[in-house]
Structures are given as C-alpha cells and as structure tokens.
Peer 1: 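For reference, the structure I am asking about is given below.
None of these values were measured; they are calculated from a predicted model.
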Amino acid sequence: MLLELIAHLLLAVISASPVLALSSQDTLYDYTNRTLYIHLYDDHDEPNKIFRLPFNDEYTSGTDISHSIIQPPPDIQCELIIADSFLYSFCPNNETSNTDVYKYTHLTDSWNQLSLSSSIPFYDQANYIYTDSDKTGIYIFSGYKNSTTVSDRMLRLDLTSLATSDASTRIQPSPFYDSSALQINENTQALFGGIIEDDKLLNMMEIPLWQYNSWAERPCITTSVRAIDPRIGAIMLPIFDLYNAYVLNETTTSFQVSSVLMVGGKDKNGINAYPQIASLNVSANVWIWNDLTDTVTKSNSQASVSSSALLPDESLAVGTIYNTLITISSTDSANYTINLFNSTSFDHLSRVDYTYLNNIQSPKMPSHTNKGTIIAISVIIPVLMIIILISLAYWLVRKYRIKREEEINEREIKEIVDFYENQHKQHSDLTFSSSSDSDYKSAELEFAYDDIKINDYDDGDNLSISSWRQKRREFERQQRFFGMKTNM
C-alpha cells in the first residue's frame with residue numbers, strides 16, 4: 001500500500017504540468033524520403049548522437065532504437081540541415097575560424113568534407129535555410145559574430161559549384177540568431193524564436209518566413225488568455241493529420257504540414273518559457289497558436305503508470321512521424337527506448353504501424369513548384385482566357401453579320417420576285433378590264449407604265465442584287481412621277 005501511494009504521489013507531481021528535461025537537439029525532416037533525423041548535441045552521457053527513423057515503419061512503445069543511431073558529425077557544434085534529400089553539417093574550424101562543410105553518405109555511414117571554392121566565416125548559431133524553390137542552394141543568415149555583434153550577412157552556398165555568393169535582399173528582417181527552423185511546405189521555411197540585435201527575444205506572434213527565395217513575415221493570433229512567450233531552443237515538429245494529402249499519397253514529395261507542434265524553449269536566463277507545449281495551425285489563412293498545457297496535464301493525470309505520461313523527466317528527445325509524437329528516453333548510454341503518443345490528445349499509444357503506406361500506389365505529384373512556374377501560370381492562364389473570350393466574341397459577331405447579310409439578301413430576292421409578279425399582275429389587269437371608265441384609266445395606266453423604264457441600262461446586268469437595287473430606285477421614281485401626271 002505504501003509503495004502504491006508513493007507511486008501515485010510521484011505520478012501526481014509529473015501530471016501537474018509537463019516536465020521537460022530534453023537535451024539540446026535538432027530535429028530534421030527529409031520529406032522526400034520520409035525520414036526523421038534527431039541530432040542530440042547536449043547528451044551528457046554521450047554527446048553528439050543522431051537517430052534516423054523512417055516514417056513508413058512500425059514502432060512499439062518501450063522498444064529499443066539503438067540500432068537507429070548513425071554516425072554523428074565531426075564536431076558537437078556542427079549545425080545540421082537537409083537539402084535536396086541530403087544531410088549536411090556546417091562545423092567550426094577552430095584553426096581558421098571558418099566553416100567546414102560535410103555531406104553525409106548513408107551507404108557508408110560516413111561524413112565527407114566538401115572542398116569549398118571560397119571560405120565561409122563561422123558564426124555561432126547562424127540560421128541555415130533551405131527550400132525546394134532552390135534545390136541547389138543553402139542560405140546562411142546572420143549568426144553570433146562576437147560578444148557584441150550580430151551579423152547581418154545573407155550568403156548562398158551553391159551545392160553544385162561549392163561557391164558562395166552574397167544573397168542579401170532589399171527587404172529582409174533585422175538580423176537574429178539561435179532560431180528554430182522548420183520547413184512547412186516545399187517552398188517555405190519558418191523560423192521560430194531567436195535573439196535579435198539588441199539582445200531581445202524574437203516575438204513568437206510574427207514568424208519570419210523564407211519563401212520562394214525571399215523574406216516574408218506571417219502574423220499569428222492565439223486562442224489562450226496568456227501570451228505565447230518568446231524563446232530560444234524550442235523544438236518545432238510538423239504534424240500531418242490522417243487526411244493530409246501527404247499521408248494519403250505515399251509517392252508524392254509535395255507536402256503541406258497541417259500544424260506545427262512546439263515543445264520546450266527557454267528565455268535568455270534559462271527559465272522555461274510559457275507554454276512549454278503548444279500547437280500552431282499553419283494550414284488555415286490565419287495562423288493560430290493553441291496552448292496545450294491543459295490537454296497534456298489531463299492526459300498525464302489519466303496515465304496508469306509514469307512511463308505512460310508525456311515527457312517524463314528522463315526524456316532526451318522528441319520527434320513526430322505523421323500524427324504520432326515520439327519521445328526517446330535512456331537509462332544508460334547504450335540503450336534508448338521510445339514511447340508513442342497521439343499528437344492531438346497526447347494519449348499514450350502502445351503501437352503504430354505506417355508500413356501500409358509503402359503499398360499505396362498513387363500518381364506521383366510534382367516534387368516542387370518554383371516561384372517562376374507559379375508566376376508564369378498566374379499570368380498565362382488569364383491571358384489565355386482573354387484570348388479565348390475575344391476569339392469567341394469575334395466568332396459570334398462574324399456569325400451574326402453573315403446571318404444578317406443572308407437575311408437581307410433573302411428579303412431583297414423576295415422583293416425582286418414580288419416586284420416582277422406585281423408587274424405581271426398589273427399588266428394583266430389592264431388587259432382584261434371591261435368598263436369604259438376602267439378602260440380609260442387602264443389606258444392611262446398602261447400608257448403611264450409603258451413609259452416607266454425598268455431595264456433601260458446598257459450594262460448587261462439584269463439579275464444581280466446591285467442591278468435590282470438601282471432599277472428599283474428608278475422604277476419608284478418614275479412611278480411617283482407618272483402617278484402625279486395621271487392624277488392631273
């Protein structure tokens with residue numbers, strides 16, 4: 001009974017609030033090959049360690065994942081980034097104060113140093129940026145230059161020529177360093193937190209974005225009463241819900257995360273920033289922060305044992321695969337076990353299996369869309385629509401005119417036929433009249449109409465429409481004239 005009571009008391013302490021004892025880590029995602037990399041660089045037992053976890057695999061809580069450890073980069077201070085599905089590390093060269101760049105080869109589990117065409121000064125905690133908009137370039141922004149200076153540099157390393165160039169833009173944010181970066185779609189990388197030039201923390205309600213090879217900023221709102229504290233060292237994790245196209249289509253490399261899960265983070269004095277766990281909805285037009293402290297506390301209070309509670313104090317690292325949160329714990333330097341949680345409710349999961357995604361056969365979507373393509377499409381489609389509308393309007397007008405001309409021609413032909421029929425009828429009436437008065441008037445009319453010339457032209461054209469029009473006008477003129485003459 002006493003032991004059971006102590007266990008419940010310990011669990012209550014853990015459940016009171018999320019307890020974070022995470023080591024410093026970088027969490028990197030290879031979205032193309034669907035692989036998670038977790039780099040621990042502040043594990044006191046055995047620093048500088050990388051775990052490689054495939055997305056489409058089966059995981060069970062409590063199992064050892066020591067077999068997932070790969071060769072770490074040469075130095076614990078190396079900054080890691082994934083570019084075009086390759087893992088790169090930017091490491092300080094203590095002799096030259098420049099940057100040594102290494103590329104990881106999975107087949108040999110080794111890091112190979114690249115021979116740069118020009119040197120890159122190493123600034124601590126610089127921001128390393130990559131999106132699929134520029135598949136051959138890694139951008140390096142800012143960095144801690146010395147005790148009083150924050151660099152405002154913006155460089156581009158060409159991964160083909162290994163040459164560096166100035167990539168400064170006319171519009172870019174004030175320099176900041178020690179930010180947590182996460183690529184949220186093929187063309188956008190968001191940077192969360194950091195320290196700006198006046199030694200203040202970057203606001204978490206305005207997120208700097210590197211988007212289509214230029215800078216932007218995205219404002220956020222929060223649903224919680226308490227504000228989202230600014231911080232450094234936060235772990236930013238992508239969440240893909242089960243209805244996300246990236247989950248439903250295993251062959252696609254195009255992606256858009258549903259939300260971002262933020263775990264941890266401290267202020268400049270090393271005090272935990274509030275909240276220690278929150279989510280940011282990045283799939284809506286308005287980005288919204290949601291404080292998850294109460295959700296985690298509720299989940300932990302319902303845990304049957306302490307190992308089922310989220311983030312017990314022996315956790316070293318966290319990561320996400322689709323909509324599953326993974327924590328890594330260790331009791332010694334040789335064994336590392338995982339625990340699984342739902343990324344929304346934070347309920348403990350005994351097992352997840354994503355191997356079925358390997359069997360999904362869907363049409364492969366384009367791996368990325370660059371800015372030029374989007375601009376071209378946005379210009380070409382409206383122009384094509386205008387051309388189509390103009391062509392349609394021209395065709396309708398032309399069709400109307402042709403139909404109108406046909407109707408006019410038909411009417412004039414009918415008038416010609418009616419005219420000659422009337423002429424024949426009038427001459428017939430004059431010939432067969434019997435009364436004297438009628439004979440007199442008929443004689444006058446016959447005399448009058450005999451004087452009317454309806455075909456007194458030497459043009460040899462008796463049947464055309466233009467000839468008919470001319471003859472018709474002359475006939476009507478003469479008819480009026482002789483009509484007046486007869487009445488007199």
Peer 1: How would you list all residue pairs meeting salt bridge (charged side-chain N to carboxylate O under 4.0 Å, His left out) that involve residues 209-228, not counting sequence neighbours?
Peer 2: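 For residues 209-228, and leaving out neighbouring residues, there are no salt bridge (charged side-chain N to carboxylate O under 4.0 Å, His left out) pairs at all.
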Peer 1: Distance-only, no hydrogens or angles: does the T35 side chain make a donor-acceptor pair with backbone N or O of N33 under 3.5 Å?
Peer 2: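 Confirmed, T35 side chain pairs with N33 backbone.
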Peer 1: May I ask you to decide if the ring planes of Y104 and W111 are parallel, tilted or perpendicular, using 30° and 60° as cut-offs?
Peer 2: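 Y104 vs W111 ring planes: tilted.
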Peer 1: Roughly how far, to the nearest 0.5 Å, is OG of S214 from CZ of R170?
Peer 2: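 Nearest 0.5 Å value for the CZ-OG distance: 11.0 Å.
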Peer 1: Do I129 and I138 have side-chain heavy atoms sitting under 4.5 Å apart?
Peer 2: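 I129 does not reach I138 side chain to side chain.
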Peer 1: Would you say D229's side chain and Y274's backbone share a donor-acceptor pair under 3.5 angstrom?
Peer 2: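 Judged by distance alone, yes, a pair lies under 3.5 Å.
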Peer 1: Please tell me whether T222 and S224 have a donor and an acceptor in their side chains that are separated by less than 3.5 angstrom.
Peer 2: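 Yes, because at least one side-chain N or O of T222 sits under 3.5 Å from a partner of the opposite role on S224.
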Peer 1: Surrounding NZ of K200 (heavy atoms of other residues, nucleotides or ligands, distance under 6.0 Å), is the total greater than 12?
Peer 2: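 Not more than 12 within 6.0 Å, no.
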Peer 1: Any donor-acceptor pair under 3.5 Å linking the side chain of Q276 with the backbone of G265?
Peer 2: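 A pair under 3.5 Å: yes.
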Peer 1: Verify the distance criterion only: is there a donor paired with an acceptor across the side chains of Q211 and T188 at less than 3.5 Å?
Peer 2: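 Present: a donor and an acceptor within the cut-off.
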Peer 1: Quick one: does S258's side chain have a donor or acceptor within less than 3.5 Å of a partner on F240's backbone?
Peer 2: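 Looks like no, no N/O pair under 3.5 Å.
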Peer 1: Strictly by modelled atom types, are T251 and N249 linked by a side-chain donor-acceptor pair under 3.5 Å?
Peer 2: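 Result is yes, a qualifying pair exists.
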Peer 1: Just do the ring-ring contact (aromatic ring centres under 6.0 Å, His included) check on Y354 and F55 with the steps written out, would you?
Peer 2: CA-CA 7 Å; Y354 293 115; F55 283 13; 8.5 Å; no
Peer 1: What is the minimum heavy-atom distance between C78 and P92, and which atoms define it?
Peer 2: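 Smallest heavy-atom distance, with atoms named: N-CD, 4.4 Å.
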Peer 1: Give a yes or no answer on whether the side chain of R231 reaches the backbone of P275 with a donor-acceptor pair at less than 3.5 Å.
Peer 2: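 Yes, the answer is positive, given that a donor and an acceptor are paired below the 3.5 Å cut-off.
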Peer 1: Cut-off 3.5 Å, side chains only: do E186 and S254 have a donor facing an acceptor?
Peer 2: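 Yes - a donor-acceptor pair under 3.5 Å links their side chains.
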Peer 1: A cation-pi test, strictly: NZ or CZ of R34 under 6.0 Å from the centre of the six-membered ring of Y246 and no more than 45 degrees from its axis. Yes or no?
Peer 2: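 Yes, cation above the ring, under 6.0 Å and within 45°.
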Peer 1: Apply side chain to side chain contact (heavy atoms under 4.5 Å, CB included) to V318 and I235, showing your working.
Peer 2: CA-CA 8 Å; V318 292; I235 301 169; 3.9 Å; yes
Peer 1: Let me see the working for L87 and I82 under side chain to side chain contact (heavy atoms under 4.5 Å, CB included), right down to the final yes or no.
Peer 2: CA-CA 5 Å; L87 190 59; I82 291 178; 3.6 Å; yes
Peer 1: Say you draw a straight line from OH of Y139 to CE of M154; how long is it, rounded to the nearest 0.5 Å?
Peer 2: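 Answer for the OH-CE pair, Y139 versus M154, is 7.0 Å.
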Peer 1: Whether the side chain of N244 engages the backbone of Q256 through a donor-acceptor N/O pair (distance < 3.5 Å, no angle test) should be reported.
Peer 2: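 Answer holds: yes.
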Peer 1: Once you round to the nearest 0.5 Å, how far does CD1 of I38 lie from CD1 of I69?
Peer 2: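 If I round to the nearest 0.5 Å, the distance is 11.0 Å.
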Peer 1: For the pair D134 and R156, find out whether any cationic side-chain nitrogen is under 4.0 Å from an anionic carboxylate oxygen.
Peer 2: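 Result for this pair is yes, salt bridge flagged.
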Peer 1: So does A163 get a backbone contact from the side chain of S118, meaning a donor-acceptor N/O pair under 3.5 Å?
Peer 2: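 Side chain of S118 to backbone of A163, a donor-acceptor pair under 3.5 Å: no, none is there.
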Peer 1: Before we go on, tell me: are the rings of F51 and Y37 under 6.0 Å apart, centre to centre?
Peer 2: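 No, too far apart.
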Peer 1: Looking only at heavy atoms, what is the nearest atom pair of P208 and L202, with distance?
Peer 2: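 Reported closest heavy-atom pair: CG-CD2, 3.8 Å.
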Peer 1: For residues E58 and D353, report the shortest heavy-atom separation together with the two atoms involved.
Peer 2: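 Nearest pair, atom of E58 first, then D353: CB-OD1, 3.8 Å.
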Peer 1: Using the benzene-type ring in the case of Trp, are the ring centres of Y144 and Y123 under 6.0 Å apart?
Peer 2: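 For Y144 and Y123, the ring centres are not under 6.0 Å apart.
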Peer 1: Can you tell me how far CG of L292 sits from CE of M262, rounded to the nearest 0.5 angstrom?
Peer 2: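 M262 CE to L292 CG: 9.0 Å, rounded to 0.5 Å.
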Peer 1: Would you say that N339 contacts F341 through its side chain, given a criterion of any heavy-atom pair below 4.5 Å between the two side chains?
Peer 2: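 N339 vs F341: side chains touch.
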Peer 1: Begin with the C-alpha distance, continue with both residues' side-chain angles, and end with the deciding distance and a verdict on salt bridge (charged side-chain N to carboxylate O under 4.0 Å, His left out) for K268 and D199.
Peer 2: CA-CA 9 Å; K268 292 188 301 178; D199 204 32; 3.5 Å; yes
Peer 1: With no hydrogens and no angle check, do the side chains of N272 and K266 hold a donor and an acceptor under 3.5 Å apart?
Peer 2: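 On atom types as modelled, these side chains qualify, holding a pair under 3.5 Å.
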Peer 1: What's the verdict on side chain to side chain contact (heavy atoms under 4.5 Å, CB included) for L325 and L237, showing C-alpha distance, side-chain angles and the deciding distance?
Peer 2: CA-CA 9 Å; L325 176 65; L237 308 172; 3.9 Å; yes
Peer 1: My understanding is that only one of L36, V260, L182 makes a side-chain contact (heavy atoms from CB on, under 4.5 Å) with P238; could you say which?
Peer 2: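 Between P238 and the candidates, side-chain contact (heavy atoms from CB on, under 4.5 Å) is satisfied uniquely by L182.
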Peer 1: Ignoring hydrogens and geometry beyond distance, is a side-chain donor-acceptor pair present between K49 and Y336 at under 3.5 Å?
Peer 2: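 Note: K49 and Y336 side chains meet the donor-acceptor criterion.
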Peer 1: Could you grab the distance from atom CG of L242 to atom CG of N323, nearest 0.5 Å is fine?
Peer 2: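 L242 atom CG to N323 atom CG measures 4.5 Å (nearest 0.5 Å).
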Peer 1: Does a donor on one side chain and an acceptor on the other come within less than 3.5 Å for S115 and Q113?
Peer 2: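 On atom types as modelled, these side chains do not qualify, holding no pair under 3.5 Å.
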Peer 1: Has S142 got a side-chain atom pairing as donor or acceptor with F176's backbone, closer than 3.5 angstrom?
Peer 2: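 Here the side-chain-to-backbone pair exists.
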Peer 1: Only pairs at least two apart or in different chains count here, so list each ring-ring contact (aromatic ring centres under 6.0 Å, His included) that has a residue in residues 56-91.
Peer 2: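 Matches after skipping sequence neighbours: F90-Y128.
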Peer 1: Verify, without hydrogens or angle tests, whether S61 (side chain) and L349 (backbone) share a donor-acceptor contact under 3.5 angstrom.
Peer 2: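 Yes; judged by distance alone, with no hydrogens or angles, the pair exists.
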Peer 1: Measuring from L191:CG to Y177:OH, what's the distance to the nearest 0.5 Å?
Peer 2: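 Those atoms lie 15.0 Å apart.
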Peer 1: If we ignore angles and hydrogens, is there a donor and acceptor under 3.5 Å between the side chains of S283 and N281?
Peer 2: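 A donor-acceptor contact under 3.5 Å links the two side chains.
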Peer 1: Is there a donor-acceptor contact under 3.5 Å linking the side chains of D291 and T223?
Peer 2: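 Checked: D291/T223 side chains show no N/O donor-acceptor pair below 3.5 Å.
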Peer 1: Side chain of D347, backbone of N342: donor and acceptor closer than 3.5 Å?
Peer 2: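 No; zero donor-acceptor contacts below 3.5 Å.
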Peer 1: Just grab all the ring-ring contact (aromatic ring centres under 6.0 Å, His included) pairs involving residues 215-237, residues at least two apart or on different chains.
Peer 2: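 Counting only pairs at least two positions apart or across chains, the ring-ring contact (aromatic ring centres under 6.0 Å, His included) contacts touching residues 215-237 are F141-W215, W210-W215.
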Peer 1: May I have the step-by-step check of side chain to side chain contact (heavy atoms under 4.5 Å, CB included) for L280 and N290, ending in yes or no?
Peer 2: CA-CA 6 Å; L280 177 65; N290 183 24; over 6 Å; no
